[in-house]
Amino acid sequence: MFPPKLLYICLVVCVLLAGCQAQVDAPKIYLSALKPLPERPESAVIPLRVSVAAVISPKGTAESYQPLLDYLSHSLARPVELVQRRTYAETNDLIEAGYVDLAFVCTSAYIIGHDAFDMQLLVAPQVNGQVVYYSYLIVPSESAAQGIEDLRGKTFAFTDPMSNTGRAYPAHLVQQLGSTPERFFARTFYTYSHDDAIRAVADGLADGAAVDSLVYEFALARDPRLAQRLKVIHRSPPFGIPPVVVSPHIRPQLRARLQEVLLGMSAHPQGQIALKSLGFDTFVAIDDSAYQSARELIRKDQGQKP
Amino acid sequence: MNWDIGPTLLQTVLQRWMARFWRIAGAVNIRIKIMGIVLGLVLLLGFAVTVQVSQLLAQNMYLQLQEQGISIARDLAARATDLILINDLYGLRQLIRDTQINHSGVRYAFVVGNDLYILAHTFEGGFPEGLLNANQVTGEAYAHTEILQTDEGQLWDIAVPIFEGRAGVARVGMSDVQAVQIVNIVTGQLLLTTVLVSAIGITAAMTLTWVLTRPIIGLVGAARKVEQGDFSPHVPVWANDEVGELALAFNAMTAALAKNQEERAEREQLRAQYVNRVIAAQEEERKRIARELHDSTSQTLTSLLIGFRTLSDTNDPAEMRQRADDLRSVAANILDEVHSLALQLRPSVLDDLGLPEAIKRHVAECQKHHAINIDLAFTGFDDHRLPAPLETALYRITQEALTNIIRHAEAETASIFIERTVDKVLAIIEDDGKGFDPEQVGQEGHLGLYGIRERAELLSGRLVIESQIGAGTSLYVEIPINGISKG
């Protein structure tokens, strides 16, 4: 038999060892020993870069365009990368530089891009059987405003400085009243996307805003509660729908292939799902003449801006 | 191992520990014991509370740290989404820097793109090796926490997917430095409190022990003096508690002991006197017998001898008969005298006829020689004799009492009443004499009463004296019958 003291010592040592073991598990990370980050390697496969103008917020764009990107990737057997930027101008710069191959741009961005660096029309989406859209003048549902003239001295939300429906058209309306937006409204601000402008009015942040009719209808379809908080007090004449464009640097074969894929989308089940996610019926071929009315409006606004 | 020896081994160990405990606990005085108890309790409580509170606090702080980290990382992920989607790397860098600056517990923050390359981080001039892959999270998860062991201690690394992982992952490292600091501060304060309370406890314990032990120490000193025969110490009663009661009882005890001692000394003195008197009385009795024999019996025997001589000289038968008759009467006288002498020495009547009869005869004898009227009454005496020592004692007590009355009381009447009950005998002897002060009994000159008391107490009985100067005396003697065997 062991002497009892020896037993105690054994017991204590065992307990201590068990305690130590629990402490030592994960390897140590040295926060003070910093090493340079690895360089991002050039990808062997160059993806098709698709840009979507910031008509709606980046997250909303990423969500709704994902099925389309997947469809393109599948059809072209090539990875597709979504490139987003805060403003229309940044997107246009990327298209001009040839960094972006395919782009979903705003009508005004197309007109400016086309006139500046030969941004090329590829196709246009058809929505509810039409290839036109409008600028809606929206106010909170409880507002007494009947038209743009009632918004004098109020807060107005613009979407993007380059936007047709969100900036050029309301500016045109103000000009018709013999004023400029900066004088007419007490305060103006840019939301850089149409859904944010809708939200700004719905939340009472702005007393009014002019938004893309497509985005407005789509937003109301997604969130019917918005209909109770907003009302449209004015609709513009029709404008050419925001088109799908390609960079002037794109190879003609790719351009043809892209046109083919987009025009044939509605014939494929996956393509239909992608179109539905965007609220489009299909894609159709379109001519630059469809954008003439918008072009005049924008030229006026661009020329007037300080 | 043989499990049967388990309990035995345990018992042995327990016994050894108990013995050791008693050796230590027994060796120290109460002062240290009480201080040990108080200090032990305070320290035990203090340390237990400290350990418990700091553990709970640490747990709570770590939980909070983790929750805070998750909320920071989720906020970062939500704000980073659009910045990543529009490739605003400068805005992203600013965002994570702001995240680190505005949240004190954040050690680092970084954002990993969906291609697993770091988009922005808060480290200056590089990135720690192994940190990128130390925590991973799936796109559907809310957040994933990993506790990292680093050179700066434990870090809670929280990973939150950005835009369901499509835009990458936000990572935040929460340092527990602040939590540890708070825990340390609280622990320190608790320990300080424990130390302070211990100090107060020691003071309280010292006061308490002083209060408790002061009377005990006094009692011990007094008890030592009593042991040495000094009954004078009077212990002060400090408080009205158990120790106070002990002090009171102790004082009562010393007082009783002192009184006892005094009484014993007096009685011892009386006993010596009594013995002296008994010896003197014996001598006196011998002298009396010698005188009696010489004066009376010898004289009559001499006259008998002379009578016999003259009888032998006588020839006349008639005269001879006459002289023989005279001689017979002389011899009869001698016989009477010898008989009387023997009777005085030891009343055989007590042995032969019993207590009542013996006392009756003695009373009759007294009345014959002295002018006193004595009433005598017995109750409860039947054919059953009392035990011999009791009869003797009662006889001698009555005799002594009567002798006292005749010699000192100058009484005209006396009465003797003796009652026998089942378990005791009560004798009441009264006179109408001059009386005395009972307080003086026991002093020299009352040896007769002392003798009575001695005899009564030898048989477990007692004597009560009622007397007043000029109002006679009553003696009550009570002796238990069953107490004889003890005597």
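Just so it is clear, the structure is predicted and the values come from calculations on it, not from any experiment. Naming: A, B, ... by sequence-line order, numbering from 1 per chain.
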B/Arg74/B/Glu67 ion pair, N-O < 4.0 Å: no

Parallel, tilted or perpendicular, as decided by the 30° and 60° cut-offs, for the rings of A/Tyr110 and A/His114: tilted

B/Asp82 bridged to A/Arg86 by N-O distance under 4.0 Å: no

Between B/Asp157 and B/Arg171, does any NZ, NE, NH1 or NH2 come within less than 4.0 Å of an OD or OE carboxylate oxygen? yes

Atom group of A/Glu81 that falls short of 4.5 Å from chain B, counting heavy atoms: neither

Given a strict heavy-atom distance threshold of 4.5 Å, which part of A/Gln66 is in contact with chain B: side chain, backbone, both, or neither? side chain

So which of B/Ile84, B/Asp115, B/Leu132, B/Leu83 has the largest heavy-atom pair count under 4.5 angstrom toward chain A? B/Asp115

Excluding sequence neighbours, so at least two apart, what forms salt bridge (charged side-chain N to carboxylate O under 4.0 Å, His left out) with A/Glu217? none

Under 4.5 Å from a heavy atom of chain A, the part of B/Glu124 involved: backbone

A/Ala33 portion near chain B, given a 4.5 angstrom heavy-atom threshold: backbone

Which atoms of B/Glu129 come close to chain A, meaning under 4.5 Å heavy atom to heavy atom: side chain ones, backbone ones, both, or neither? both

